[in-house]
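Note that the structure is a prediction, hence the values are computed from the model and not measured. All chains are named by letter (A, B, ...) in the order of the sequence lines, taking the proteins before the strands, and each is independently numbered beginning at 1. For the numbers below, each heavy atom of this structure counts, side chains included, while hydrogens, waters and symmetry mates do not.
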Number of protein chains: 2
Amino acid sequence: MQQPDLQYIGVRDDIAARIAGSEFKPGERLPSERQMQIGGGVARGTIREALFQLEAEGVIYRKDRSGWYVSPPPVVYDPTRWEGFMSYVEAQGRRPETETLSKVEIACDDMLAQIFSRPVGAPMYWIRRRRSIDGRAVLIESIIVDASLAPGLVEHDLDGSLTSVLKSVYGIGVARNKVDMQPCALTRDEAEALRVKSGLPGLSVIRTCYDAQGRVVEFDREYWRHDALKVSVDIRVR
Amino acid sequence: MQQPDLQYIGVRDDIAARIAGSEFKPGERLPSERQMQIGGGVARGTIREALFQLEAEGVIYRKDRSGWYVSPPPVVYDPTRWEGFMSYVEAQGRRPETETLSKVEIACDDMLAQIFSRPVGAPMYWIRRRRSIDGRAVLIESIIVDASLAPGLVEHDLDGSLTSVLKSVYGIGVARNKVDMQPCALTRDEAEALRVKSGLPGLSVIRTCYDAQGRVVEFDREYWRHDALKVSVDIRVR
DNA sequence: TCGCGGATTTGGTATAGACCAAAACGCTCG
DNA sequence: CGAGCGTTTTGGTCTATACCAAATCCGCGA
């Protein structure tokens with residue numbers, strides 16, 4: 001669409017090269033936007049255009065009003081493997097963390113009634129969690145569990161693997177897993193919980209878990225930072 | 001991170017509401033940026049900020065120097081189903097199209113040698129295609145095929161399903177399929193072929209196809225517009 | 001009617017300046 | 001040493017303006 005004679009592309013390439021050359025390492029902060037201006041006569045808007053570019057590429061990310069930082073590498077996620085976040089992040093040599101933001105009992109609404117094949121008003125648990133890797137929040141998730149299948153679930157500690165609690169305490173195993181993924185923009189609620197600017201690109205992962213009887217036991221909406229995740233699927237045909 | 005008292009959020013909501021209210025329908029062009037200014041005293045930069053927001057959300061897209069258009073709904077892609085682009089797009093009531101941009105024989109380089117387990121210098125075919133839905137280019141792909149397995153492949157018409165050509169002409173069936181997906185930014189080459197602004201967010205899909213003997217028969221890199229695709233996987237556990 | 005060419009419109013890039021709120025910093029005081 | 005509190009820095013938002021090149025539009029002429 002255009003050649004690299006554009007100024008902001010030049011600035012982008014410059015910063016990218018300095019990152020590639022390890023002048024700035026993953027997690028480190030870049031110089032401030034105004035500091036980057038000092039050398040050559042370039043407007044702050046142009047610097048910012050370059051930074052947005054690198055942000056879209058997943059090379060850098062920002063902390064609000066704090067600065068721009070070099071992105072760590074993404075973790076690999078395989079939706080066909082039946083492994084929880086804690087275990088696959090750890091297996092990749094990273095430090096996973098889960099915080100439960102809220103856990104409450106709610107009444108089944110129209111949408112949930114359809115998904116769970118349960119009557120409207122049936123008790124459900126709604127769990128919101130934030131998960132981090134190496135101290136950086138990478139996703140927030142909103143989980144719905146059928147309360148009749150797992151009574152008292154919210155009394156347990158849910159800062160670890162929910163799957164293993166369902167299995168060990170309630171004997172609920174998952175036989176089928178439906179996963180939808182779609183690039184999206186992080187809206188206000190998600191962005192706030194991830195402490196990022198609203199509108200930043202993300203990846204929405206929606207999972208529906210079924211038990212052996214075909215009942216829906218868990219419905220999970222995850223919103224990931226777009227630079228934190230790589231999806232990998234290995235399929236044997238027929 | 002902030003409340004909707006920001007001007008550009010207000011403009012965004014306004015445009016989004018008019019789209020939701022069908023004032024503008026999928027594929028239609030929005031008024032020009034300068035026209036949107038006329039009513040209330042708001043700078044063009046602010047209008048553009050709102051448009052970028054909607055673009056990130058996948059609600060609208062742009063044609064260079066032509067205008068902003070309402071996005072059509074995304075197509076659903078299931079990497080575990082062994083169906084080609086042409087068939088699943090058509091099955092969703094959309095009009096798929098494939099153009100072959102180039103097809104040449106190349107020598108196997110280091111990276112390809114490792115992927116295909118073939119000697120460096122071995123003949124390979126390199127096919128570049130652009131695929132569209134309802135007349136809008138949504139992905140460009142770069143395919144590598146082992147020439148020793150499919151001699152003369154590039155003589156065939158490849159504007160349809162490559163899979164079916166491999167199957168019917170060469171008797172090559174795919175037994176295993178490895179798919180990697182990652183949010184990315186479209187770089188200059190891809191962006192140019194898709195006629196979008198370089199740096200726009202996209203989804204990179206990398207597929208490696210193996211035959212029954214475990215040989216790699218096809219290596220495919222796809223770059224999708226981020227708003228054109230929804231990935232759906234349905235897995236039966238063990 | 002169709003093709004060509006010039007004028008117009010459009011988004012893309014860039015500058016310069018301004019103000020704000022949150023974050024980070026640094027100092028003082030207990 | 002630590003907590004609290006101003007000060008400074010930083011990114012976030014917004015205005016106004018300017019120029020460019022590509023896309024589009026429109027009218028003329030074959």
Mind checking side chain to side chain contact (heavy atoms under 4.5 Å, CB included) for [X] and listing every partner two or more places apart, or none if nothing turns up?
X	result
B:Glu57	A:Ala185, B:Arg12, B:Gln53, B:Leu54, B:Val59
A:Asp14	A:Arg18
B:Thr46	B:Gln7, B:Tyr8, B:Val42, B:Ala43

Taking atom [atom2] of [N] as reference, at what distance in whole Å does atom [atom1] of [X] sit?
X	N	atom1	atom2	answer
B:Gln53	D:dT13	CD	C1'	13 Å
B:Glu192	D:dA22	CD	P	12 Å
A:Ile47	D:dT13	CD1	C1'	18 Å
A:Glu33	C:dA16	CD	C1'	15 Å
B:Arg29	D:dA23	CZ	P	14 Å
A:Arg12	C:dG12	CZ	P	19 Å
B:Ile9	D:dG12	CD1	P	13 Å
A:Arg48	D:dT10	CZ	C1'	10 Å

Among [options], which nucleotide has an atom closest to any side-chain atom of [X]?
X	options	value
A:Leu6	C:dT13, C:dA23, D:dG11	C:dT13
A:Tyr8	C:dG11, C:dA22, C:dA14	C:dA14
A:Arg65	D:dT10, C:dT10, C:dG12	D:dT10

When you check the phosphate oxygens OP1 and OP2 of [N], does a side-chain N or O of [X] lie under 4.0 Å from one of them?
X	N	answer
A:Ser66	C:dA24	yes
A:Ser32	D:dT9	no
B:Lys63	D:dT24	no
B:Lys197	C:dG11	no

- Query: Is the closest basic N to carboxylate O distance between B:Arg128 and B:Glu141 below 4.0 Å?
  - Reply: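 Between B:Glu141 and B:Arg128 there is no salt bridge, as every charged N stays at least 4.0 Å from the carboxylate O atoms.
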- Message: Do B:Glu33 and B:Trp68 pair up side chain to side chain, a donor and an acceptor below 3.5 Å, judged on atom types alone?
- Response: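 There is such a pair (donor and acceptor under 3.5 Å, judged by atom type) between the side chains of B:Glu33 and B:Trp68.
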- Message: Per the ring pair (Phe, Tyr, Trp, His ring centres under 6.0 Å) rule, what does the pair list look like for residues 42-67 of chain B, sequence neighbours excluded?
- Response: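 Output for this query lists B:Tyr61-B:Tyr69.
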With a cut-off of 3.5 Å and sequence neighbours excluded, list every side-chain donor-acceptor pair involving residues 83-92 of chain B.
{"from": "B:Glu83", "atom 1": "OE2", "to": "B:Ser87", "atom 2": "OG", "distance (Å)": "3.2"}
{"from": "B:Ser87", "atom 1": "OG", "to": "B:Gly84", "atom 2": "O", "distance (Å)": "3.3"}
{"from": "B:Gln92", "atom 1": "OE1", "to": "B:Val76", "atom 2": "N", "distance (Å)": "2.8"}
{"from": "B:Gln92", "atom 1": "NE2", "to": "B:Val76", "atom 2": "O", "distance (Å)": "2.9"}
{"from": "B:Gln92", "atom 1": "NE2", "to": "B:Tyr88", "atom 2": "O", "distance (Å)": "3.2"}

Between the protein and nucleotides 15-18 of chain D, list every N/O to N/O distance that falls short of 3.5 Å.
{"from": "D:dT15", "atom 1": "OP1", "to": "B:Gln7", "atom 2": "OE1", "distance (Å)": "3.3"}
{"from": "D:dT15", "atom 1": "OP1", "to": "B:Gln7", "atom 2": "NE2", "distance (Å)": "3.3"}
{"from": "D:dT15", "atom 1": "OP1", "to": "B:Gly41", "atom 2": "O", "distance (Å)": "3.3"}
{"from": "D:dT15", "atom 1": "OP2", "to": "B:Ala43", "atom 2": "N", "distance (Å)": "2.9"}
{"from": "D:dT15", "atom 1": "OP2", "to": "B:Thr46", "atom 2": "OG1", "distance (Å)": "2.6"}

